[in-house]
Amino acid sequence: DGGITQSPKYLFRKEGQNVTLSCEQNLNHDAMYWYRQDPGQGLRLIYYSQIVNDFQKGDIAEGYSVSREKKESFPLTVTSAQKNPTAFYLCASSPRGSEGNQPQHFGDGTRLSIL
Amino acid sequence: GQNIDQPTEMTATEGAIVQINCTYQTSGFNGLFWYQQHAGEAPTFLSYNVLDGLEEKGRFSSFLSRSKGYSYLLLKELQMKDSASYLCAVNFNDYKLSFGAGTTVTVRA
C-alpha cells in the first residue's frame with residue numbers, strides 16, 4: 001500500500017548530539033513537509049520541499065536541517081543548536097496540485113525526547 | 001503564521017451533534033482543510049473547502065464563509081471513536097498550511 005513511513009517511532013537525544021529522523025513516501029508526491037507538534041499548539045512548519053534538490057525554511061527552521069536528494073525521501077536532522085527538541089515530529093507529503101488545493105498526507109510521527 | 005482560532009475542547013454525548021468553529025484572517029485565503037487526529041497518531045484528511053457553502057461527507061460536513069473568515073466542521077450521530085483532536089488548516093496563497101491549535105472532542109456514553 002502507498003503511504004508515508006517515519007522512523008524511528010521513538011527517539012532519545014543526548015546533550016550536544018545531532019539526530020536524524022527518517023521520512024520515506026511511495027505516493028509519488030512532489031512536495032514534502034516537516035512539522036513539529038507540541039501540547040496545546042498547532043502543527044508548526046519546520047521545512048518544506050516542493051521538488052527534489054530544493055527546500056525552503058518554514059516558520060521554525062532554526063536548529064534543524066534537511067535534504068531532498070530523492071523524491072521519496074526527506075530526512076530531518078535535529079542539531080545540537082535546537083535547545084528544546086522534545087516534541088512530536090510529523091512528516092507529510094502532497095501532490096503539487098494547482099494553487100495548493102491538494103491535502104497533505106501524514107506519517108505516524110516520531111516522538112523525540114531529551115535524555 | 002496567520003491567526004487561526006478554534007475552541008480548545010468540546011464534550012458531547014454519543015449520538016449527538018457537535019459543531020467545531022474555526023476563524024481565520026481572510027487576506028490571501030486559498031482554501032481550508034479539516035483533519036482528524038487521534039492521540040499519538042497521524043492527522044487524517046477529512047474535508048476541503050475553497051468556495052462558500054457546505055460540503056457533506058457522510059456523518060461529517062464542513063461549511064465555509066470566505067467573506068467572514070469562518071468555517072465549521074459538523075459531526076453528526078457522534079460515536080465513541082470520534083473522540084479525537086480536530087485540526088483546522090488554511091492555505092494562504094502558497095503550498096504551506098497554517099494550522100490552528102486543534103479542538104479536542106470528547107464523546108461520552
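Computed from a predicted model, the values in this text were never measured in an experiment. By convention in this document, chain letters (A, B, ...) are assigned in the order of the sequence lines, proteins followed by strands, and residues within each chain are numbered from 1.
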- Message: Rounded to the nearest 0.5 Å, what separates atom OG in A/Ser94 from atom CZ in B/Phe45?
- Response: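 Rounded to the nearest 0.5 Å, the OG-CZ separation comes to 11.5 Å.
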- In Å, rounded to the nearest 0.5 Å, how long is the span from OH of A/Tyr33 to NZ of B/Lys96?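 Spacing of OH (A/Tyr33) from NZ (B/Lys96) equals 10.5 Å.
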Give a yes or no on whether [X] and [Y] share a hydrophobic cluster (residues Ile, Leu, Val, Met, Phe, Trp, Tyr; joining criterion: side-chain heavy atoms under 4.5 Å apart).
X       : Y        : answer
A/Trp34 : B/Phe99  : no
B/Trp34 : B/Tyr24  : yes
A/Tyr48 : A/Val66  : no
B/Ile17 : B/Val107 : no

- Query: Just wondering, more than 12 heavy atoms not from A/Gln17 lying within 6.0 Å of its CD?
  - Reply: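 Correct, the count exceeds 12.
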- Check whether more than 12 heavy atoms from other residues, nucleotides or ligands sit under 6.0 Å from atom CZ of B/Arg108, and answer yes or no.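 Not more than 12 within 6.0 Å, no.
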- Query: Which atoms of A/Leu90 come close to chain B, meaning under 4.5 Å heavy atom to heavy atom: side chain ones, backbone ones, both, or neither?
  - Reply: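 The side chain, not the backbone.
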- Item | A/Gly40 to B/Ala101 - nearest heavy-atom pair and separation |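 Answer, listing the atom of A/Gly40 first, then B/Ala101: O-CB, 3.7 Å.
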- Query: Considering all heavy atoms of both residues, which atom of A/Tyr35 and which atom of B/Leu97 are nearest to each other, and what is their separation?
  - Reply: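 Closest approach of A/Tyr35 to B/Leu97, heavy atoms only: OH-CB, 4.1 Å.
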- Taking side chain as C-beta onward, heavy atoms only, is A/Gln37 less than 4.5 Å from B/Gln37?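 Result yes, sub-4.5 Å side-chain heavy-atom pair found.
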- Message: Between A/Gln104, A/Arg111, A/Gln41, who has the most heavy-atom pairs with chain B when the cutoff is under 4.5 Å?
- Response: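 Most heavy-atom pairs within the cutoff with chain B belong to A/Gln104.
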